[in-house]
Every structure is written in C-alpha cells, then in structure tokens.
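Right, one structure below, let's go through it.
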Amino acid sequence: MLPATGIHAPLLQEKKQGEKRASVYGAVFNVSTSIIGAGIMSIPATLKVLGVIPAFLLITIVAWLVDISVKFLLRYTHSGDTTTYAGVMREAFGRVGSVSVQVCVMITNLGCLIIYLIIIGDVLSGNVHDGSVHLGVLQEWFGIHWWNSRAFALLVVVIFVMLPLVLFRRVESLRFSSAISVLLAVVFVGICSVMAICALVEGKTKSPRLLPYLDNKTSFFDLFTAVPVIVTAFTFHFNVHPISFELSRPSDMVSAVKISLLLCAAIYFSIGIFGYLLFGESIMADILINFDQSSDTAIGALLNDIVRLSYAFHLMLVFPLLNFSLRANIDELLFPRKLLLAKDSIRFVSLTLVLLVFAYLAAIEIPNIWYFFQFMGSTSAVCLAFIFPGAIVLRDVHSISTAQDKIMAAVMIVLAVATSTIALSTSIFSLVRNK
C-alpha cells in the first residue's frame with residue numbers, strides 16, 4: 001500500500017505498530033506552549049481597557065468557547081478520513097475550505113514567528129521606540145558592540161537555538177522544550193507577582209479598576225478592541241491535529257486541552273492583575289517596555305532583566321511549535337500529492353530553512369509589525385478558533401451534530417464576526433483619527 005497523501009496525511013507520520021505514543025502530560029505542555037505566546041504581553045493592557053471583572057469574564061468565556069471549538073474539530077476529524085485541520089475543512093467545503101485554513105494558519109503563524117524574533121531582538125539588543133532608545137540586556141551588561149547588535153544576536157539565536165528545535169520531525173520530541181517554556185512563563189508570572197506585591201506593600205500601586213471607565217477619549221466600542229487580543233492569546237487550533245495524532249486515545253487530547261486551558265487562563269489572569277497592579281494606568285500594550293524602565297535598586301534591575309530574559313527564552317521555545325504547523329500547512333498547500341514530509345528529508349530540510357531564513361530577515365528589516373499582527377493576525381485567529389469550527393458543525397457532512405451543537409456553532413460564529421468587525425472598525429477609525 002502506498003503512503004497516505006493529500007488530505008489523509010500530508011505531513012503527520014504514520015502510526016507504527018508498537019511505536020511509543022505521546023503522553024497526556026507531554027500534550028499538556030505542547031498545547032500550553034502553543035497557547036502562551038506573544039499574546040501574554042498584552043493581557044495587562046486588556047485589564048486597563050476593560051477593568052478587572054469584564055476582563056476575567058472575557059478570559060473565561062473565550063477559554064470555554066475554545067474548548068468547545070476544539071471538541072468540534074476533534075469529533076469531525078475522527079468521523080472522517082483526514083488527520084489535518086485543512087483536511088476537515090476540505091471534507092466540508094472542498095478546496096476553498098482547505099485553502100482558507102492554510103492561508104489563515106500561514107498568516108497567523110508566520111506573523112507570530114516574525115514577532116517572536118522581533119521581541120527577542122528587542123530584549124537582547126534593544127530598539128528605538130517613539131524616538132527613545134531602549135537598550136537591550138546584552139547592551140546594558142557589556143556596552144554597545146557589533147556582536148550584540150540585533151542582526152548578530154538574532155543570528156546566533158536562530159542557528160544555535162531555533163534550528164536544532166525546528167529540525168525535529170515529531171511534535172512529541174518537543175515535549176521537554178515545551179515543559180521548560182511553560183516553566184519560564186510561570187517564572188515570568190511569579191516575578192511579576194512578587195514585584196507587584198512588594199510595590200503594594202510599599203504603597204506604590206493604585207487600586208485596579210473593577211469596571212471600564214468611559215470618557216471623551218474612550219467610547220463603548222473601544223472596549224471591543226480587547227476581544228481580538230484575548231482570542232489570539234488562546235488560539236492554538238493549528239496544532240490540535242499534530243499533537244492529538246501522536247496520542248493513544250482521542251479522549252487524551254480532550255483532557256490535555258481542558259488542563260491546558262485552565263492553566264493558561266490562570267497564567268493570563270495572574271499576569272494581567274499583577275502587571276496592572278505593578279504599572280497601573282501607565283502600562284503599555286507591550287508589558288516588556290515597562291520592564292525596560294530603570295530601577296532604583298540593583299535587585300530591581302536584576303528582576304527586570306530576569307523578567308525580560310525569561311520571556312525571551314520562552315518565545316525561543318514556542319517558536320518551533322508554531323513553525324511545525326506552519327511548515328505542515330505550506331507543504332500541504334504546495335505538495336498535496338507528495339510523500340509524507342517527515343519522510344522526505346530534502347523537502348523537509350529545504351522548507352524548514354526557507355521559513356527560518358525568511359522569518360529572520362523579516363525580523364531584521366521590519367521595525368514594527370504590531371499593526372499587521374493586530375489586524376491580520378487577529379482576524380485569521382478568529383477564523384481558526386471559532387468561525388471555521390462553527391461552519392464545520394453547521395455544514396455537518398457526517399450528520400453527527402445535535403441541535404444543541406448547531407445552536408452553539410451559530411452563536412459562536414455570530415459573536416466572532418460581530419466582535420471582530422467592531423474591533424477592527426474601531427481600531428481603523430482610531431488610527432485615522434490620530435493621524
């Protein structure tokens with residue numbers, strides 16, 4: 001029998017008899033690492049916009065809806081003859097459906113990979129923000145030299161950290177790096193918590209607003225701009241199939257997703273509340289900019305550096321997981337009839353190197369892509385997280401959806417389209433107004 005091709009198994013390796021399967025704990029770390037990325041930096045800013053109570057409710061609701069949408073995806077995957085997200089959409093909507101998923105994954109993941117490298121470069125080598133020079137950790141420690149410039153520092157990271165990790169051909173192989181990545185995220189939250197508590201004891205914090213504050217500068221529609229941030233922060237649907245395929249039972253993935261969502265929701269709300277307590281109304285959309293501020297004490301400066309470095313290392317370890325699904329979707333789009341990518345070394349290595357080089361060059365040449373991430377990335381993330389899974393359920397090609405499923409799917413799509421449309425319109429209007 002020939003190896004499966006096309007929508008059946010374009011990238012994922014075949015299950016071999018007696019092959020050791022991935023563990024639930026490994027899946028939890030991989031899912032959690034897929035979720036926690038650059039979005040965590042903007043969570044405190046959402047509390048500033050919404051207030052504590054609405055932000056907590058929004059985080060809870062989005063996590064709950066993500067859990068439902070992943071169950072929809074898994075149910076239709078196991079009822080059909082495919083092992084990929086694009087394959088599920090192809091079964092429901094044909095070629096248009098699969099291409100739509102692949103394009104959204106490419107926009108979301110490639111944008112995130114470039115942003116990760118930009119953030120890592122900012123942490124290590126600094127940047128210029130609104131005319132102000134922000135030194136990186138390496139420049140603060142050793143002064144400004146050619147070897148700690150953005151281009152050279154990122155090149156070293158790409159060659160010695162990123163490249164070995166992106167060459168792994170199974171997601172399960174990344175479980176240890178994912179575990180370290182989750183640990184670094186916890187360290188990031190823990191240090192923020194300690195700094196916030198110390199500031200609270202010293203009376204340097206203000207009581208956080210429980211509800212949003214609307215004035216002449218902030219309208220009701222501005223509140224919707226926080227929704228894409230939270231949605232993007234919870235979007236990991238592009239890695240559902242690669243991770244679940246390596247587990248022994250479908251129920252293992254359901255358990256892993258529930259545990260991961262609870263863990264990530266707790267981390268998000270913790271960093272949100274403690275970051276807000278620490279910096280108050282002066283908090284930036286990128287919280288790392290706040291940690292770039294000088295400290296009055298040596299211990300404070302050390303904690304600032306630890307926070308920035310822990311997050312930079314966290315992003316280094318998240319990078320290969322997003323690269324995995326990006327590479328899978330590009331290969332499925334360009335070579336739908338070829339052998340499994342994991343079995344074709346030339347194609348695998350070539351595609352891996354092209355993506356890595358492109359992300360590196362983009363991070364060097366593009367000074368700021370946050371607007372791209374906000375408008376394009378958030379829109380594609382909403383499609384991947386809610387609109388596509390809901391559309392699959394409403395299409396119901398396998399006749400397995402209940403009336404309750406279809407109602408939930410319809411509500412999910414309406415909420416996603418309405419909130420993202422309002423958010424994008426408000427953001428565009430704000431940009432035009434500020435020019």
Side-chain angles (χ1 to χ4, degrees), residues 9-13 21-40 63 66-67 69-74 76-78 82-89 98 101-113 116 165-166 168-179 181-182 185 231-247 250 252-261 263-264 314-315 317-333 341-342 352 355 377 380-386 388-389:
L11 170 83
L12 302 176
Q13 290 183 291
R21 310 307 296 160
S23 66
V24 175
Y25 294 109
V28 168
F29 286 127
N30 282 331
V31 171
S32 300
T33 303
S34 300
I35 296 174
I36 301 175
I40 192 174
V66 164
D67 184 49
S69 66
V70 170
K71 287 179 181 177
F72 286 160
L73 274 181
L74 291 174
Y76 276 86
T77 300
H78 297 302
T82 182
T83 57
T84 67
Y85 194 164
V88 177
M89 281 290 285
S98 63
V101 167
Q102 290 161 346
V103 170
C104 284
V105 170
M106 285 186 277
I107 291 173
T108 302
N109 286 18
L110 186 58
C112 286
L113 294 183
Y116 289 177
L165 291 175
V166 298
F168 281 117
R169 305 194 184 198
R170 296 184 69 239
V171 178
E172 174 66 9
S173 303
L174 298 171
R175 64 188 184 278
F176 296 116
S177 62
S178 295
S181 175
V182 174
V231 170
T232 304
F234 275 105
T235 300
F236 71 100
H237 298 63
F238 38 75
N239 272 337
V240 166
H241 292 84
I243 296 172
S244 64
F245 185 77
E246 296 180 356
L247 294 170
D252 289 346
M253 187 61 180
V254 175
S255 301
V257 169
K258 284 185 178 294
I259 295 171
S260 299
L261 288 173
L263 174 63
C264 294
H314 166 76
L315 292 182
L317 300 178
V318 174
F319 190 97
L321 270 176
L322 268 67
N323 181 82
F324 193 96
S325 57
L326 173 62
R327 182 175 55 204
N329 279 272
I330 292 178
D331 182 73
E332 185 176 5
L333 181 64
L341 178 58
T352 300
L355 290 176
S380 60
V382 168
C383 290
L384 291 172
F386 301 127
F388 292 163

Problem set entry | Non-hydrogen side-chain atoms of F319 and S181 separated by less than 4.5 Å | no
Exercise. Do F236 and L321 come close enough that some side-chain heavy atom pair is under 4.5 Å?
Worked result: no
Problem set entry | Under 3.5 Å: donor-acceptor pair, side chain of T235, backbone of A385 | no
Exercise. Can you find a pair of side-chain heavy atoms, one from H241 and one from M253, that are under 4.5 Å apart?
Worked result: no
Problem set entry | ring-ring contact (aromatic ring centres under 6.0 Å, His included) against F388, all qualifying residues, sequence neighbours excluded | none
Problem set entry | Side-chain heavy atoms of L317 within contact of L165, under 4.5 Å | yes
Exercise. What residues, two or more places apart in sequence or in another chain, satisfy side-chain contact (heavy atoms from CB on, under 4.5 Å) together with L263?
Worked result: S32, V182, I267
Exercise. Is there a donor-acceptor pair closer than 3.5 Å between any side-chain N or O of R327 and the backbone N or O of L355?
Worked result: no
Exercise. Are side-chain heavy atoms of T82 and Y76 found at a separation under 4.5 Å?
Worked result: no
For this session: For H237, enumerate each residue passing the ring-ring contact (aromatic ring centres under 6.0 Å, His included) test, keeping only those at least two apart in sequence or located in another chain.
Result: none
Seminar exercise, completed: The reported gap from CG in L333 to OG in S98 (rounded to nearest 0.5 angstrom) is 8.0 Å
Problem set entry | H314 side chain to I36 backbone, donor-acceptor under 3.5 Å | yes
Problem set entry | Approximate separation, where rounding is to 0.5 Å, of N30 CG and L247 CG | 9.0 Å
Exercise. Does a side-chain heavy-atom distance below 4.5 Å link L384 with F238?
Worked result: yes
For this session: Sort out for me which residue in I35, V66, I259 forms a side-chain contact (heavy atoms from CB on, under 4.5 Å) with C264.
Result: I35
Problem set entry | Note, N239 side chain near V31 side chain (heavy atom, < 4.5 Å) | no
Exercise. Hey, does F324 have a side-chain heavy atom less than 4.5 Å from the side chain of P242?
Worked result: yes
Problem set entry | Atom of N109, atom of L326 and distance for their closest heavy-atom approach | ND2-N, 3.7 Å
